[in-house]
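Note sheet for the following structure.
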Amino acid sequence: MCLALGVKVSPPPPATEAELVARAAALAGRTLGSLADELELSVPSDLRRAKGFPGMLMERALGATAASRAEPDFPALGVELKTIPVDARGHPCESTFVATIDCATIGEVEWERSVVRAKLARVLWMPIEGSRPIPVGDRRIGSALIWSPSPEEERLLRFDWEELAGVIGQGEVERMTGHLGRNLQVRPKAANSRSRRRAFDRDGARCAVLPRGFYLRASFTSALLARHFHLST
DNA sequence: TATTGATCATAT
DNA sequence: ATATGATCAATA
């Protein structure tokens, strides 16, 4: 009778999107601490050395594939899981990482085939209290939202993506700054500032640059979440 | 104090 | 080393 001790705590992958959404919805109001206890995981005192804790915890709780792969979190459903830290008013505390950038080839890619578009095609947003004074274990999980970009949202994302990818594609990576882009931006995504990835400079010569990634600005995700909680628009 | 640039853990 | 999960912390 005890064969499954420590095993039953991790649920199997949901069979349908509806099942996934139902599981996520059932987590609303729970704290990260109670969920961690149930999954037999320890809660870090803070996130300085455990930045991925909320995300990993939700993956386990919802039955996502444990292995970190270059696939959606729920391959069979085509759904990407994103936790998003929010303040007391429900406003995102942070931007949302979307994807790393291959600076050497992004110039050859079109928006329709971009990894940003693919990753954001279907997202399960899990808002979680993220105010730093709140102990990690006491942080509550909010109301989940399954989302796909509206035609207008996709238009906005495409506009920024084409500008940003265009700059990098022209070999102007070093001119890239987090100030560019209204809804999507490019920022470092690396172990540290000495990390390097191969790319091409403006003359087409090989060079090494700081790895970067695409991020959704908080203003964008804030509007997206607000649309969910206010019944209009 | 909002935002940009820097960084951390784990797994493959 | 690279990719996944992100948040931290210095700056403007």
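Lettering follows sequence order; numbering is per chain, from 1. Keep in mind that the numbers below use all heavy atoms, side chains included, and drop hydrogens, waters and symmetry copies. Since we're looking at a predicted model, the values are computed, not measured.
- What separates CD1 of Ile84(A) from P of dT7(C) is a distance of 9 Å, to the nearest Å.
- Looking at heavy-atom distances under 4.0 Å, Glu71(A) makes no contact with the nucleic acid at all.
- Closest to the Asp73(A) side chain, of the nucleotides dT4(B), dG5(C), dT7(C), is dG5(C).
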Side-chain polar contacts of residues 15-26 of chain A - donor-acceptor pairs under 3.5 angstrom, sequence neighbours left out - could you list them?
unit_1	atom_1	unit_2	atom_2	d
Thr16(A)	OG1	Glu19(A)	N	3.1
Glu17(A)	OE1	Arg122(A)	NE	3.0
Glu17(A)	OE2	Arg122(A)	NH2	2.7
Glu19(A)	OE1	Ala15(A)	N	3.0
Glu19(A)	OE2	Arg23(A)	NH2	2.9
Arg23(A)	NH1	Pro12(A)	O	2.8
Arg23(A)	NH1	Leu62(A)	O	3.0
Arg23(A)	NH2	Pro12(A)	O	3.0

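- For the pair Glu172(A) (side chain) and Val167(A) (backbone), a donor-acceptor distance under 3.5 Å is absent.
- Expressed to the nearest 0.5 Å, how far CD of Glu108(A) lies from CG of Asp102(A) amounts to 10.5 Å.
- A donor-acceptor pair is defined here as one N or O able to donate and one able to accept, closer than 3.5 Å; such a pair exists between the side chain of Asp73(A) and the backbone of Leu81(A).
- A sub-4.0 Å separation between OP1 or OP2 of dT3(B) and a side-chain N or O of Gln185(A) is absent.
- Qualifying side-chain contact (heavy atoms from CB on, under 4.5 Å) partners for Tyr215(A), counting only residues two or more places apart in sequence or in other chains: Ser95(A), Phe97(A), Gln185(A), Arg187(A), Lys189(A).
- Here the side chains of Leu157(A) and Phe214(A) are not in contact, with every heavy-atom distance at 4.5 Å or above.
- Checking each of Glu154(A), Glu80(A), Glu153(A), Glu110(A) against Arg117(A) for a salt bridge (Lys or Arg N to Asp or Glu O under 4.0 Å) leaves exactly one that passes, namely Glu154(A).
- Place Arg60(A) and Ser95(A) on DNA chain B by their nearest nucleotides, and Ser95(A) ends up nearer the 5' end.
- Residue Arg198(A) places no side-chain N or O under 4.0 Å from the OP1 or OP2 atom of dA1(C).
- Separating the CG atom of Leu57(A) from the C1' atom of dA6(C) is a distance of 14 Å, rounded to the nearest angstrom.
- Phosphate contact (OP1/OP2 of dG5(B), side-chain N/O of Arg212(A), threshold under 4.0 Å): absent.
- In terms of phosphate contacts, Thr177(A) brings a side-chain nitrogen or oxygen within less than 4.0 Å of OP1 or OP2 of dG5(B).
- No engagement by Pro211(A) is indicated, since no non-hydrogen atom pair under 4.0 Å with the nucleic acid exists.
- Comparing Arg139(A) and Thr100(A) along DNA chain C, the residue whose closest nucleotide (by nearest heavy atom) sits nearer the 5' end is Thr100(A).
- Glu174(A) has its CD atom 12 Å from the P atom of dG5(B), to the nearest Å.
- Look at CD on Glu129(A): it is 14 Å from P on dT7(C), rounded to the nearest Å.
- For Asp160(A) (side chain) and Arg182(A) (main-chain N/O), a donor-acceptor pair under 3.5 Å exists by modelled atom type.
- Atom CG of Leu62(A) is separated from atom C1' of dT4(C) by 16 Å (rounded to the nearest Å).
- At a threshold of 4.0 angstrom between heavy atoms, the contacts of Arg132(A) include nucleobase atoms, whether or not backbone atoms are also involved.
- Contacts between residues 158-168 of chain A and DNA chain B, counted as heavy-atom distances below 4.0 Å, involve no residue at all.
- One atom, CD1 of Ile128(A), and another, P of dT7(C), lie 8 Å apart when rounded to the nearest Å.
- Each of Arg196(A) and Leu81(A) was assigned the nucleotide of DNA chain C with the nearest heavy atom; the assignment lying further toward the 5' end belongs to Arg196(A).
- For Ser131(A), there are no side chain to side chain donor-acceptor pair (under 3.5 Å) partners two or more places apart in sequence or in a different chain.
- Looking at Ser114(A), its side chain does come within 3.5 Å of a backbone N or O of Trp111(A) through a donor-acceptor pair.
- A distance-only check finds a donor-acceptor pair linking the side chain of Arg139(A) to the backbone of Ile134(A) [under 3.5 Å].
- Residue Glu59(A) contributes atom CD, which lies 11 Å from atom C1' of dA11(B) at whole-angstrom precision.
- Rounding to whole angstrom units, CE of residue Met56(A) and C1' of dG5(C) are separated by 4 Å.
- In Arg196(A), the CZ atom is crowded: over 12 heavy atoms of neighbouring residues, nucleotides or ligands sit closer than 6.0 Å.
- To the nearest 0.5 Å, atoms CG (Leu145(A)) and OG1 (Thr221(A)) are separated by 11.0 Å.
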Protein-nucleotides 6-8 of chain B N/O pairs under 3.5 Å:
unit_1	atom_1	unit_2	atom_2	d
dT7(B)	OP2	Ser193(A)	N	2.7
dT7(B)	OP2	Ser193(A)	OG	3.2
dT7(B)	O2	Lys51(A)	NZ	2.5
dT7(B)	O4	Ala190(A)	N	3.3
dT7(B)	O4	Ala190(A)	O	3.4

Dump the pairs, protein N or O against N or O of nucleotides 10-12 of chain C, anything under 3.5 Å, distances to one decimal.
none

